[in-house]
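Here is how names work: the chains are called A, B, and so on, in the same order as the sequence lines, proteins then strands, and each is numbered from 1.
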Amino acid sequence: MATRKGLGIGSMYYGIGYGFSRADIGSAEIEMAEDGTTTVYSGACDMGQGVMTVVTQVAAEELGIEPDQIRVVAADTGSTPDAGPTSGSRATFVQGVAVQNAAQELRGQILDMASRMLECPKENLHVRRGEVCETGTDRPLVSVGKVAHQLHFHGRRAAAWGWHDNTTQDVDPETSQGDAYATYGWATQLAEVEVDTETGRIRLTKLVSATDAGKAINPVAVEGQIEGGATMGLGYALYEQHILENGVPRTASLAFYLVPTSMDVPDIECEIVEVPDPRGPFGAKGVAEPATIPTTPAILNAIYDAIGIRITETPITPERVFFAIQEARARGEFEED
Amino acid sequence: MSEDTSPETTGAYHWIGKNVTKPDALEKALGATEYVGDMVVPGMLHAKILWAGAPHGVIRNIDTKDAARVPGVAAVLTASDVPGTNRYGLAVPDQRALADDKVRSAGDALALVAAEDEEAAEEAVAKIKVDLEPLRPILTYEDALDPMAPAIHEGGNVFQHTTVRKGDLEKGIEESDVIVENAYHTHRMDHVPMEPEAGLAYVDPSGVLNILVGTQYPYRDRRQIAPALDLAMNKVRVIQAPIGGGFGRKDDITAEIHVGLLALKTRRPVRLVYTREESLIANTKRHPMAMNFRTGARKDGLLTFLDGDIYGDTGAGVSLGAYVIKKAGIHATGPYDVPNIRVDTYTLYTNNLVSGAMRGFGVMQAAVAHESQMDQLAHRLGMSPLEFRIKNCLKPGLASSTGQLMNEGCGIEATLQRIKDYMSAHDLRFNRPHA
Amino acid sequence: MRQRYALRVNGETRETEAEPHESLLDVLRENLRLTGSKKGCNEAECGSCTVLLNGRPVVSCLVLVPDAVGRDIVTIEALAGDGTPHPVQRQMVEQGGVQCGYCTPGMIMSAYALLQENPHPTDEEIRFAISGNICRCTGYGKIVKAVRAAAEEVGRAAS
């Protein structure tokens, strides 16, 4: 088997959220019960990637309570406010700020009431680990639950609503000039491939993904997005193709439509880059799509680095590579071993 | 650590940056999470769909008489049974819940069945007779661009044309020492969410239509379901059920209107669960695109211009295609400072499967072109592909293809630098350009 | 024609009625309401329906009910039957091996079967053991890590 190795780079930028004057909003309501346990009514759909977890961490940080005291009720037109779709790598970036706003408002309510209860200026109080504490000494003075109980007792319900409007103006219709997106995601990947010059088969042997998360609110979840995104990018590059013949699907089965398996994916090395973005919650921005986009071009460029042949059509099937090598040979342009 | 030091300055957060365990993960690992296909409610009917299977044709007649006689069948519905607009679509309502006048893609739904069990529903679907007069399908970019070709929807097959213009293209071309020109083709991809599409609907005693669905946006579902079924919006409740993957696919309407309609008609709970085959045939895919790119650079390694055309096949419905393809155009430069730009994009209707949002949203395709161009320019200039990118990448104070000034949060150089550091730490080197 | 079958599922004998051509997966899910085993393709390609049959991982969508009679069937529901999650389940959660969760039960059954046979697998052996289970979210890395961590945990408990 004649194999050659090559390295390739793929970079990208990606407008986070919706752009084009489409409503790009987040909203959430947070309620603290009389025992201090808290419910976040968050309109954002969790796809398993972890936006519920992000919402929990943002609320816990701002409220000064433990994450296990928080329950998230998500994405139900009957019980949660509208938070826009979970798409466009926007959920953390937009909904994170909405939750932050709601939590800050609720924290204000708690400190106001605590200040009355304790007859102590609000400026001298903060919340930490579920206790209203004296600033400076961190001495716990009263639990948030007791304060929430007082708020409920006085008909205030210890609840706050927060929202965030990330909608941008559309670009100019003639030139597309303008501020298209509130912010952008950034990523670069390095791929190493092995090309079998006899069969045209490509193997991805290494993938390093440097993705700017702004601030990784939950690093394991960010890595999950990076690894999953690159795997979908690998599938796009090498395996997955939905073939239609005269408009009729010919690959409507997973026996023919090939999704990468654990044997196709190398250990993906995640390099989380953090360039804080002041528009996102705690500097964070989305990574789902930035982590997916660079993989295919990095593989294309690695193939060129390996065999000196530029593939311009995806997916990069063994047939396509095989025939490209044959044609290069016929032109006398293939670099033989 | 001093406790009253502001975390904003020290980064000493209590919970931000911590690996808090996902609240839904254990239940999933136990196998206890109920996705829609796992849910059973008393009196529930099972739904099946008759799909067009052919790309283009005039519907002369759909005969449901035999299907309705299958024992256990509660309803067999076609477009004429839909009380509302029967339309949906994320950019424009150009998709029919059930095809009425024409079939426009193989993934169009023609009829719905609800029955006591899946077998009866399947048997009924097989007994529906469709009289379809085939029309010549529009399948290629060339066909879609041909003004003489029959229009799939009113208004012609070019749904949208966008233009990016910046600087002076001719000047950019003149200043170039190297120019690279290529045609790129990307293919249709399926999201393959591990959970095929599913929905469960019931009308509650107060008359509200409740729909449980693995969706990415219940509020927009509600905005689309209500007019399609002629319901007041406050009589529709959409609840996100646990979702087995979406990746943009479940941004769109999937099972919502179909199960909603069946529940309204039968006044019983109805569950619809796609097979994998149905999931691969129906709903949206990633846009195939054809991209012709010409890019230039100077001897000193600075980019001079991009001159490009992008054609996107959005299939028989726009879905989010207009935004996907417009976004591809805006991102066609990649994360680089390109002073002179002409890019045109075309969103084209065809009789292929509908394409819509998928993770990467147009930039997936654009990056295939711009990154291949970048490497070829670097090689022509004898520069390392990495150094060439670092030299040209956007930095605070520079502007994107749309003239947007970069400021905080511009991280491309940091990601390139991280890869550069990785390569030197691991002693990795490109083979090309040859020294 | 519907027939009666006695299936030994998770240590209990369960009586059920089914057509002989029905799959074990459908009977588990519909008749016995054991819905932890998922239906991702129904054609033995995705592995979401993996259960153990006499200790071996099988895709239950491809097993006909009569062929499961007289064999020990173990489903995801049995792994934490005593209320304590199995180390593979707990590590999947802790290492970030769970995202949308749809492949997770099948994935865990394949990993569990591997650890029964081979308590100290290499990463390559783990990857091979789960290669019939498609995951669309994670890219597999964190799942491999979770299985490795579970193997270490089981090993420590045994020693």
Side-chain angles (χ1 to χ4, degrees), chain B residues 18-42 44 46 116-120 122 189-198 200 214-216 240-250 271 273-281 358-359, chain C residues 19 21-22 26 28-30 33-48 50-51 61 75-81 83-109 111 133-138 142-143 146:
Chain B
K18 303 294 191 314
N19 292 321
V20 171
T21 302
K22 291 177 180 172
D24 50 329
L26 179 61
E27 181 188 312
K28 288 171 174 173
L30 295 173
T33 299
E34 287 203 341
Y35 301 81
V36 169
D38 304 328
M39 295 174 183
V40 171
V41 293
M44 185 177 87
H46 297 262
E116 300 295 337
D117 55 48
E118 286 203 356
E119 291 70 24
E122 271 166 24
M189 184 187 194
D190 196 280
H191 310 68
V192 190
M194 292 318 296
E195 177 206 23
E197 291 86 330
L200 171 61
T215 178
Q216 295 179 224
Q240 189 213 11
I243 178 169
F247 312 110
R249 165 76 147 268
K250 297 173 184 174
R271 193 184 76 184
V273 182
Y274 281 25
T275 63
R276 175 58 59 190
E277 185 184 12
E278 290 177 298
S279 179
L280 281 157
I281 291 169
M358 184 172 180
R359 194 177 195 173
Chain C
E19 301 275 350
H21 62 263
E22 281 188 60
D26 283 342
L28 288 172
R29 288 176 54 82
E30 287 162 26
R33 291 293 297 144
L34 294 168
T35 56
S37 307
K38 303 302 178 195
K39 192 188 268 193
C41 70
N42 212 31
E43 55 179 6
E45 294 291 342
C46 79
S48 303
T50 304
V51 302
C61 72
T75 71
I76 185 74
E77 284 85 357
L79 261 62
T84 312
H86 186 272
V88 177
Q89 291 173 306
R90 209 176 45 254
Q91 291 295 346
M92 282 285 280
V93 173
E94 285 177 14
Q95 306 293 336
V98 180
Q99 287 194 34
C100 87
Y102 202 79
C103 76
T104 305
M107 192 70 79
I108 288 172
M109 294 311 289
N133 296 81
I134 296 176
C135 169
R136 196 59 162 159
C137 298
T138 67
K142 299 207 177 298
I143 295 172

Say you draw a straight line from [atom1] of [X] to [atom2] of [Y]; how long is it, rounded to the nearest 0.5 Å?
X       : Y        : atom1 : atom2 : answer
C/Cys41 : B/Glu277 : SG    : CD    : 12.0 Å
C/Cys46 : B/Met194 : SG    : CE    : 4.0 Å
C/Gln99 : B/Ile243 : CD    : CD1   : 12.5 Å
B/Lys28 : C/Lys38  : NZ    : NZ    : 10.5 Å

Sidechain N-carboxylate O distance under 4.0 Å for C/Arg33, B/Asp38 |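 No.
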At a heavy-atom separation under 4.5 Å, does [X] approach chain C through its side chain, its backbone, both, or neither?
X        : result
B/Phe247 : side chain
B/Thr275 : neither
B/Val40  : both

Please name the pair of heavy atoms, one in [X] and one in [Y], separated by the smallest distance, quoted to 0.1 Å.
X        : Y        : result
C/Gly40  : B/Pro196 : O-CG, 3.8 Å
B/Tyr35  : C/Tyr102 : OH-N, 3.3 Å
B/Gly245 : C/Cys100 : N-CB, 3.4 Å
C/Pro105 : B/Gly31  : CG-CA, 4.0 Å
C/Arg136 : B/His191 : NE-O, 2.7 Å
B/Ala29  : C/Ile76  : O-CD1, 3.6 Å

Identify which part of [X] has an atom lying under 4.5 Å from any heavy atom of chain B, answering side chain, backbone, both or neither.
X        : answer
C/Thr104 : side chain
C/Arg29  : side chain
C/Ile108 : side chain

Only one of C/Glu77, C/His86, C/Gln89 passes side-chain contact (heavy atoms from CB on, under 4.5 Å) with B/Leu30; say which it is.
->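 With B/Leu30 as partner, side-chain contact (heavy atoms from CB on, under 4.5 Å) holds for just one option, C/Gln89.
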When C/Gly36, C/Gly96, C/Ala80, C/Gly101 are compared by non-hydrogen pairs under 4.5 Å with chain B, the top option |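 Of the options given, most contacts go to C/Gly101.
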